[in-house]
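Here the structure comes first, spelled out in structure tokens, and everything after it is commentary.
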Amino acid sequence: MLDPTEFSRLLGNMLVWVIINNGNPLGCYFLVPFLVSNMKLEDIILRRRAIAQMHKDDQAEATVRLYRDVLEAISHSHEPKILASAALGQRTTLEHVKTALSSLLNGLRDGDIDIKDATIIVNGIIQVLP
Amino acid sequence: MLSPAEIIHKIEVIRERFPLTDKERADFYQAVLTRILDSDADPKRLASAALGVPC
């Protein structure tokens, strides 16, 4: 089971994303794989919001920084497609979640991810499945 | 449809045109992120090619 602190973080992420998706609960799928990313879902959401508020002259530079950070995260992440869809402001799909799960399993097999993190992620997925 | 190897080659060719303006670079990175979503190419290799760092 998730410990209470981890579950609170999970729930916090879920609420952020449900708001972003206008209450569409499918957005809940988005949060879980981000627990192993060095770049959190809310970071991307907040930075995209901040860019939208910026003066037009500053948007391109900030967008480059955001995209570069996401690409760096993708280059050593188990959930690259989900990170990419977040950066582009798109919803993830069940297919992306399946890909992330597959990648996590490969990470486990290859020793790139430890069993504790994987357990948290899989438990998290179970918590948010409809 | 480009093969994964062709996609990576194109990314490397465009990256070598740097320095680009911020707008051009943002468009380039966005195109790479879109390819990461849409193609079967290894996302880590695409990201590394875009950044010019070893995979």
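Being a predicted model, the structure only gives us computed values, none of them experimental. Note on naming: letters A, B, ... go to the chains in the order of the sequence lines (proteins, then strands), and numbering restarts at 1 for each one.
Side-chain contact between B:Ile36 and A:Leu71: present, with at least one pair of heavy atoms (C-beta onward) separated by less than 4.5 Å.
The distance from the CD atom of B:Gln30 to the OG1 atom of A:Thr63 is 8.5 Å, given to the nearest 0.5 Å. If you take CG on B:Leu51 and CZ on A:Arg68, they are separated by 8.0 Å, rounding to the nearest 0.5 Å. Rounded to the nearest 0.5 Å, atoms OG (B:Ser39) and NZ (A:Lys81) are 6.0 Å apart. To the nearest 0.5 Å, atom OH of residue B:Tyr29 and atom CG of residue A:Leu88 are 14.0 Å apart.
Side chain of B:Lys44 to main chain of A:Ile74: no donor-acceptor pair is present (N/O by atom type, distance under 3.5 Å, no hydrogens or angles). Judged by distance alone, the side chain of B:Lys23 and the main-chain N or O of A:Ala60 form no donor-acceptor pair under 3.5 Å.
Listed here is the closest heavy atom pair of B:Leu33 and A:Val70: CD2-CG1, 4.0 Å.
In this structure, chain A has heavy atoms under 4.5 Å from both the backbone and the side chain of B:Thr34.
Comparing A:Ala87, A:Ala84, A:Ala62 by how many heavy-atom pairs each has under 4.5 Å with chain B, the most go to A:Ala84.
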